[in-house]
Protein chains: 2
Amino acid sequence: MPKPAINPRKRPRQTRSAATFDLVLEAAARILERGGLAAFNTNAIAERAGISIGSLYQYFPTKEAILAELIRRKRNILLGHMQTAAQQGQSARLAPAIDALIDAGIAHQLSRPNLARSLEYAESLLPITTETETLKQQIVHAIASVLAAHGIADPALAARDLAALTRGMIDSAGLFGETDAASLRNRVRRAVFGYLGIPQGKRRQAV
Amino acid sequence: MPKPAINPRKRPRQTRSAATFDLVLEAAARILERGGLAAFNTNAIAERAGISIGSLYQYFPTKEAILAELIRRKRNILLGHMQTAAQQGQSARLAPAIDALIDAGIAHQLSRPNLARSLEYAESLLPITTETETLKQQIVHAIASVLAAHGIADPALAARDLAALTRGMIDSAGLFGETDAASLRNRVRRAVFGYLGIPQGKRRQAV
DNA sequence: GCAATTTATGAGTAAATACTCACATATGCT
DNA sequence: AGCATATGTGAGTATTTACTCATAAATTGC
């Protein structure tokens with residue numbers, strides 16, 4: 001049961017400390033990537049980052065705060081991509097808009113699949129902070145807005161389902177070592193369009 | 001990085017010890033359910049099981065062995081359900097066969113969603129044992145055999161995708177606190193049939 | 001009842017791990 | 001240069017945790 005302290009301790013003011021801050025996050029990400037949550041401890045992170053344990057604790061009060069910050073950053077990036085995709089898709093036809101959303105999801109999750117998986121699981125363990133929750137809702141909302149604009153019934157539920165289904169497929173592909181985003185995209189497409197009950201943009205038979 | 005010891009230390013011989021064995025597993029499951037992998041430690045498990053730590057280590061050489069046994073049992077049950085569903089669906093029409101498989105998945109994952117999620121993640125961290133891997137392959141194979149019997153292209157890949165997509169949707173529903181299996185089933189159905197590019201058994205508009 | 005075997009106990013140990021603090025060094029400002 | 005502030009250090013501490021072992025109790029077979 002993690003403690004309440006979840007936010008960074010202090011923001012770096014000099015450029016040198018900003019570098020340290022990032023060093024910690026990147027080291028943490030690499031450890032999660034290789035050893036998962038089981039290998040995730042502050043001593044290991046400091047060592048891998050090449051800094052002292054004291055420096056780490058200057059910026060992060062608990063190890064959960066490191067996880068939370070990783071989640072926040074990754075989510076923010078995804079949200080940005082999703083929002084631009086959604087905005088462009090608001091007026092266009094539905095199929096290309098969906099494609100853009102799918103591509104954003106694949107790009108987000110397939111580059112470092114183990115990291116994505118660990119963060120995903122870690123989030124389900126962390127106490128819910130308003131900020132992370134808001135980010136999540138915004139992402140779903142971005143998807144839902146596209147669906148709503150094209151008259152899909154219950155867009156909020158559909159958005160949640162589509163995000164989940166897509167995440168599941170990409171995660172599985174990542175575990176299997178797939179790297180061909182195009183093939184994966186096609187398969188996700190079929191499921192998504194099928195769920196929505198709409199004909200696909202370009203017809204394609206089973207891969 | 002877990003140690004190689006992954007199998008139970010010894011099998012219980014008397015009925016009393018079989019009860020202890022099960023007590024450990026159920027306590028472990030409850031801890032995973034409530035606190036996730038972060039709360040999963042042998043002292044806590046023994047305490048919750050109401051037995052001594054020494055007794056726990058009579059049957060499980062490491063805590064990873066407990067996880068592995070939980071995974072094995074759960075997988076075995078799922079495999080059983082999947083195989084019967086697959087066998088019945090071999091000769092019947094595709095749609096009802098798929099429905100049976102989906103129902104098995106939902107029953108498996110929606111009753112204790114937090115447990116399922118933790119075990120899923122734990123497995124990605126554990127060293128791969130032949131047995132667990134075989135079970136996984138058998139499950140995918142059961143699905144694939146149904147698909148193959150009905151002429152679906154690349155049944156192995158499709159089976160993997162469908163399992164992943166379904167798992168993702170059920171997991172998300174579980175996190176959200178959904179308990180209505182019927183509604184969920186309908187939505188999963190749409191995605192699955194859409195992926196397969198086949199018309200659905202019963203037409204249903206978006207929920 | 002009695003020995004052999006199985007099962008249960010829990011104090012104890014060694015190691016891992018989260019986190020602190022007194023101090024050192026670097027940087028910015030005037 | 002000199003002061004204030006920001007940043008970096010790592011030995012050290014308290015706690016958690018995986019796991020052992022000597023011993024006790026229960027069960028089985030006779």
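These values consider heavy atoms only, across backbone and side chains, with no hydrogens, waters or symmetry-generated copies.
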Next on the checklist: Measure OH/A:Tyr57 against C1'/C:dC23 and give the value in whole Å, please.
Outcome noted: 20 Å
Item to check | Test item: B:Thr132 side-chain N/O and B:Ile128 main-chain N/O as donor-acceptor pair under 3.5 Å | outcome: no
Hey, what are the protein-to-nucleotides 10-12 of chain D N/O distances that come in under 3.5 Å?
residue, atom, partner, partner atom, Å
D:dG10, N7, A:Gly54, N, 3.4

Side-chain atoms of residues 100-111 of chain A: list all donor-acceptor pairs with protein atoms under 3.5 Å, sequence neighbours left out, distances to 0.1 Å.
residue, atom, partner, partner atom, Å
A:Asp103, OD2, A:Arg185, NH1, 2.9
A:Gln109, NE2, A:Arg167, O, 3.3

Checklist outcome for this item: When rounded to whole Å, the CZ to C1' distance for the pair A:Phe40 and C:dT17 reads 13 Å
Item to check | Between C1' of D:dG8 and CG of A:Leu23, the distance in whole Å | outcome: 13 Å
Next on the checklist: Restricting to side-chain hydrogen bond (donor to acceptor under 3.5 Å, both in side chains), what partner residues turn up for B:Arg72, sequence neighbours left out?
Outcome noted: B:Asn7, B:Glu131
Item to check | Atom-to-atom span, CG of A:Asn41 to C1' of C:dA15 - whole angstrom | outcome: 13 Å
Item to check | Whichever of A:Thr20 and B:Thr42 has its nearest DNA chain D nucleotide further upstream toward 5' | outcome: A:Thr20
Checklist entry - What pairs meet the ring pair (Phe, Tyr, Trp, His ring centres under 6.0 Å) rule with one or both residues in residues 170-189 of chain B, with sequence neighbours excluded? => result none
Next on the checklist: Run the ring-ring contact (aromatic ring centres under 6.0 Å, His included) test against A:Tyr121 and tell me which residues pass, sequence neighbours left out.
Outcome noted: B:Tyr121
Checklist entry - For the pair made of CG in A:Leu56 and P in C:dT20, what is the distance, rounded to whole Å? => result 11 Å
Next on the checklist: The criterion is salt bridge (Lys or Arg N to Asp or Glu O under 4.0 Å); which residues satisfy it with B:Glu133, sequence neighbours excluded?
Outcome noted: none
Item to check | By side-chain hydrogen bond (donor to acceptor under 3.5 Å, both in side chains) - contacts of A:Ser145 (at least two apart) | outcome: none
Checklist entry - Which of the following nucleotides, D:dG8, D:dC19, C:dT7, is nearest to the side chain of A:Gln58? => result D:dG8
Checklist entry - Salt bridge check: are B:Lys74 and B:Glu123 linked by an N-O gap of less than 4.0 Å? => result no
Checklist outcome for this item: Scoring nucleotides 25-30 of chain D by protein non-hydrogen atoms under 4.0 Å (B base, S sugar-phosphate only, - none) yields -SS---
Next on the checklist: Does a side-chain N or O of B:Ser17 approach OP1 or OP2 of C:dT6 to a distance below 4.0 Å, or not?
Outcome noted: no
Next on the checklist: Using 0.5 Å steps for rounding, measure from the CD1 atom of B:Ile66 to the CG atom of B:Leu70.
Outcome noted: 8.0 Å
Next on the checklist: Which residues in residues 24-32 of chain B have a heavy atom closer than 4.0 Å to any atom of DNA chain C?
Outcome noted: none
Next on the checklist: Run the side-chain hydrogen bond (donor to acceptor under 3.5 Å, both in side chains) test against B:Ser172 and tell me which residues pass, sequence neighbours left out.
Outcome noted: none
Checklist entry - A:Thr179: what forms a side chain to side chain contact (heavy atoms under 4.5 Å, CB included) with it, not counting sequence neighbours? => result none
Checklist outcome for this item: To the nearest angstrom, the CD-C1' distance between B:Glu47 and D:dA18 comes to 16 Å
Checklist entry - For B:Tyr59, which contact category applies under a 4.0 Å heavy-atom criterion: base, sugar-phosphate, or nothing? => result sugar-phosphate
Next on the checklist: Restricting to side-chain hydrogen bond (donor to acceptor under 3.5 Å, both in side chains), what partner residues turn up for B:Asp22, sequence neighbours left out?
Outcome noted: B:Arg73
Checklist entry - Rounded to the Å, how far apart are A:Phe21 CZ and D:dT7 P? => result 12 Å
Checklist entry - To the nearest angstrom, how far is A:Glu64 atom CD from C:dT17 atom C1'? => result 12 Å
